[in-house]
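In what follows, a structure is listed as structure tokens, so that the remarks can point back to it.
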Amino acid sequence: MSSEVFHIIDPREFDRELLDELCEITDTARAVAKTREGAAMLRSLLADKRAMLYFTQVSTRTFLSFNNACHLLGIGTSEIRDPTISSEVKGESFDDSLRTFSSYVDVIIMRTPERGLAGRAAALMNQIPRRVPIINAGSGPDQHPTQALLDIYTLERSFAGRGGIDGKTIGMMGDLRRGRTVRSLCYLMKNYHDVRLVFISPPSLEMSNDIKKHLVQHKIAFSETGVLDSVLSSLDAIYVTRVQSEWDSEGESLKADLDDFSIGPNQMPKLNPEAIIMHPLPRGPEIDPSVDSDPRAMYWRQERNGMWMRAALLIKIFGVEDQLKS
Ligand code: ASP
């Protein structure tokens, strides 16, 4: 986060204190919303604020959960989801468009197919008089910091009473090379003690070197395998991802034999009885729907956690967390 404005761009900027605080705010906001009075109080919390949702790349969950998080807190919303109906088609630059959004709203939440655009937007904001926070809601195949936050919350709460994330072995499976959610989650792991990561993927989709370098730098233990069965029983969590075929340049998806990187009735008996299964969704064939009814399937809860964690983030960005407690 920038010291000038509370931007959310790069997960490497989060520290443990902030992560723990966001998890606590999430719990408190959820608890408060359970009564009519509490929900009304939440709706008044940021009723003087407006948000712009600038989503020029496809989105279901991130868009809807941010939109609903805003509404839970009384934040008015406006959106652009199709840049072909904005003035960008008249040749307006991205910088000018962004400056225009900042004239009308108090926070800009943005998802784009390009890497690095949210960072550029944040840098621009730091130079103009009406600077508003930028939240990166997914920057191409690069980063998805708010997904990583909700993943941390899901892991922490699933392991409550078992020491939280510290000391756990977390498997990440599927398209690790182009999956921005696992890339962001890897960055956050430096905040936890004695975590071991196990990357499970075909060679063509293995985790990129930039992330591995980061893990080495921060002394986070990791291993890699192409054989799910060999590690299944050792995992406390398995984070499954779909193949990101939208980023194919050389038919990477077709090159990989993905049957070996899925969870279904054959894998479930081998998984630790206390382990959890996560997925950022949308899912493809990598998790069989029969797994949904198993208590270890955490992805639908993870999805719902996203709305509350994003509400917590907005509460923190606008600095009203103390009003929530009173
Ligand atoms: N919904 C997640 C994302 O936007 C995961 C995915 O699309 O596979 O990155």
Side-chain angles (χ1 to χ4, degrees), residues 8-11 53-69 79-82 109-119 134-155 170-188 199-202 204-208 210-211 237-249 252-254 256 258 261-263 276-289 291-292 297-310 313:
I8 305 294
I9 304 298
D10 184 332
L53 286 99
Y54 178 78
F55 274 59
T56 57
Q57 192 201 12
V58 290
S59 176
T60 302
R61 273 152 287 271
T62 307
F63 178 83
L64 285 175
S65 62
F66 261 122
N67 205 26
N68 283 291
E79 63 188 66
I80 288 184
R81 299 202 69 178
D82 179 0
I109 303 163
M110 58 184 282
R111 164 173 291 196
T112 62
E114 298 89 2
R115 297 169 194 267
L117 211 52
I134 302 287
I135 302 179
N136 178 2
S139 46
D142 188 24
Q143 292 297 324
H144 197 348
T146 65
Q147 173 76 41
L149 291 177
L150 73 94
D151 293 340
I152 287 290
Y153 177 75
T154 304
L155 286 161
I170 300 170
M172 296 184 180
M173 180 166 79
D175 191 343
L176 306 179
R177 188 150 78 82
R178 302 170 302 177
R180 56 190 171 192
T181 65
V182 280
R183 290 175 53 79
S184 288
L185 191 54
C186 281
Y187 276 157
L188 290 187
F199 297 140
I200 310 147
S201 73
S204 60
L205 301 177
E206 72 180 27
M207 185 56 87
S208 309
D210 61 334
I211 298 291
I238 179 158
Y239 192 110
V240 187
T241 67
R242 79 181 165 90
V243 175
Q244 313 275 310
S245 45
E246 65 269 40
W247 303 114
D248 272 5
S249 56
E252 289 87 338
S253 322
L254 299 171
L258 295 159
F261 302 93
S262 4
I263 298 264
I276 60 164
I277 305 166
M278 296 171 67
H279 194 303
L281 303 176
R283 83 169 131 191
E286 62 280 351
I287 298 186
D288 189 278
V291 174
D292 292 10
M298 206 51 67
Y299 30 93
W300 297 113
R301 235 186 278 178
Q302 183 186 354
E303 173 178 81
R304 187 160 168 76
N305 288 345
M307 178 178 73
W308 290 108
M309 175 47 95
R310 288 175 172 128
L313 190 61

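Order of listing sets the numbers, starting from 1, for every ligand and every atom in it. None of the values given here were measured: they were computed from a predicted structure.
Contacts of ligand 1 (protein heavy-atom distance under 4.0 Å) are Arg111, His144, Arg180, Thr181, Arg242, Gln244, Pro280, Leu281, Pro282.
For Leu281 against Glu303, the heavy-atom pair with the smallest separation is CD1-OE2, 3.6 Å.
A donor-acceptor pair under 3.5 Å is formed between the side chain of Asn68 and the backbone N or O of Leu64. Under the 3.5 Å distance criterion, the side-chain polar atoms of Thr241 are matched with a main-chain donor or acceptor of Asp175. At least one donor-acceptor pair closer than 3.5 Å links the side chain of Arg111 to the backbone N or O of Ala137.
Listed by chain and residue number, Arg177, Arg183, Asp210 satisfy the side chain to side chain contact (heavy atoms under 4.5 Å, CB included) test with Ser208 (two or more places apart in sequence, or in another chain).
Between the side chains of Ser184 and Gln143, a donor-acceptor pair is found at a separation under 3.5 Å.
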